[in-house]
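Some notes on the structure that comes next.
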Amino acid sequence: RKLSGIITINSCTVIEQNVCELIRRDLPRTFPDLRLFKDPQSEPYNQLLTVLETAAYIQPEIGYVQGMSYVAATLLLFMNHFDTFVCFTNLINTPFMRSVCRVELSTLAKHSQLFQIIFAQYAPELYEHFNNLNINLEHYLLD
């Protein structure tokens, strides 16, 4: 498989089999109403698969986490698969996304606190509304 002629991987032979299986199991569930990523023979399915497998290969310490396909698929809806790959890998390389993907609880706690401060500062009415309804960060921040 080629990613715009720059990166070539041979499907699942270069990444862990369980990572490959998780990606392939996740793809048909990615935006099921759009039906773009259900057919393994379709170009969008294969482009998304290539982006995710290549990202898992070049960043094995992160690998693949269920739900990454939604992020990559959203990017793929608006750009070609090479640009999607670049944006996706840059995004998952941010400190926040790395802590989410690795489930680093101490780092996630710091980011959650920071999010709460920013949320209260920039959307005070919504922040208060959420508090009045007892909607905590755990209900929406990581889902």
Side-chain angles (χ1 to χ4, degrees), residues 1-124 126-127 129-131 133-143:
R1 224 175 248 124
K2 291 186 178 185
L3 194 58
S4 291
I6 294 180
I7 298 173
T8 304
I9 64 171
N10 186 7
S11 193
C12 293
T13 58
V14 293
I15 58 177
E16 291 183 35
Q17 191 64 32
N18 61 340
V19 171
C20 190
E21 289 170 9
L22 183 58
I23 292 170
R24 290 173 189 268
R25 196 172 351 151
D26 224 12
L27 283 186
R29 299 182 292 204
T30 305
F31 297 125
D33 292 340
L34 293 179
R35 298 183 187 155
L36 285 171
F37 308 109
K38 282 189 173 204
D39 180 9
Q41 304 304 315
S42 72
E43 186 176 4
Y45 177 98
N46 284 299
Q47 288 176 341
L48 183 57
L49 182 65
T50 300
V51 167
L52 294 170
E53 285 180 350
T54 306
Y57 172 71
I58 67 165
Q59 297 178 329
E61 70 282 359
I62 295 174
Y64 178 80
V65 177
Q66 187 174 7
M68 281 182 168
S69 61
Y70 280 94
V71 176
T74 300
L75 295 170
L76 193 56
L77 292 173
F78 296 97
M79 56 187 75
N80 67 54
H81 69 288
F82 179 77
D83 291 338
T84 295
F85 171 75
V86 171
C87 288
F88 179 73
T89 53
N90 284 330
L91 180 64
I92 62 173
N93 249 334
T94 61
F96 175 72
M97 290 303 292
R98 287 179 81 78
S99 68
V100 169
C101 294
R102 290 181 176 175
V103 191
E104 296 171 347
L105 297 179
S106 63
T107 308
L108 280 174
K110 291 176 189 175
H111 288 188
S112 295
Q113 291 171 343
L114 180 59
F115 176 83
Q116 193 160 359
I117 292 167
I118 293 169
F119 184 27
Q121 182 178 354
Y122 288 96
L126 183 59
Y127 177 78
H129 183 68
F130 276 25
N131 281 339
L133 295 174
N134 292 320
I135 299 174
N136 301 320
L137 289 173
E138 296 83 32
H139 293 122
Y140 60 87
L141 186 60
L142 297 178
D143 281 342

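In terms of heavy-atom proximity, Ser69 sits nearest to Leu48 at O-CD1, 4.0 Å. The minimum heavy-atom distance between Met68 and Ile62, with the atom names listed, is CE-CG2, 3.6 Å. Across all their heavy atoms, Tyr122 and Pro124 have their closest contact at C-CD, 3.5 Å. The shortest heavy-atom contact between Ala72 and Thr84 is O-CG2, 3.5 Å.
There is no side-chain donor-acceptor pair under 3.5 Å between Asn93 and Asn90. Side-chain contact of Tyr64 with Asp26: a donor-acceptor pair under 3.5 Å is present, judged by distance alone.
Distance CD/Gln47 to CZ/Phe37: 8.5 Å, rounded to 0.5 Å. Rounded to the nearest 0.5 angstrom, Cys87 SG and Phe82 CZ are separated by 10.0 Å. Rounded to the nearest 0.5 angstrom, Tyr127 OH and Ile117 CD1 are separated by 9.0 Å.
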- Please walk me through it: do Arg24 and Glu53 pass side chain to side chain contact (heavy atoms under 4.5 Å, CB included)? CA-CA 10 Å; Arg24 290 173 189 268; Glu53 285 180 350; 3.2 Å; yes

Verdict with reasoning, Leu77 to Leu34, per side chain to side chain contact (heavy atoms under 4.5 Å, CB included)
CA-CA 11 Å; Leu77 292 173; Leu34 293 179; 4.1 Å; yes

- Task: Report the C-alpha separation of Gln121 and Gln116 in whole Å, then their side-chain angles, then the decisive distance to 0.1 Å, and conclude whether the side chain to side chain contact (heavy atoms under 4.5 Å, CB included) test is met.
- Result: CA-CA 9 Å; Gln121 182 178 354; Gln116 193 160 359; over 6 Å; no

Give the C-alpha distance, both sets of side-chain angles, the deciding distance and a yes or no for side chain to side chain contact (heavy atoms under 4.5 Å, CB included) between Leu76 and Phe88. CA-CA 10 Å; Leu76 193 56; Phe88 179 73; over 6 Å; no

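Looking at heavy atoms from C-beta onward, Leu52 lies in side-chain contact with Leu27 at the 4.5 angstrom threshold. Residues Gln66 and Arg29 meet the side-chain proximity criterion, which asks for heavy atoms closer than 4.5 Å.
Between Tyr70 and Phe31, the angle of the ring planes goes over 60°, which puts this pair in the perpendicular group of the 30/60° scheme.
Scored by the salt bridge (Lys or Arg N to Asp or Glu O under 4.0 Å) test, Arg35 finds no partners at all (sequence neighbours excluded).
Between the side chain of Thr54 and the main chain of Val51, no donor-acceptor pair closer than 3.5 Å is present. Side-chain atoms of Asp83 do not come within 3.5 Å of backbone N or O of Met79 as any donor-acceptor pair.
Taking the six-membered ring for Trp, Phe119 and Phe130 have ring centres closer than 6.0 Å.
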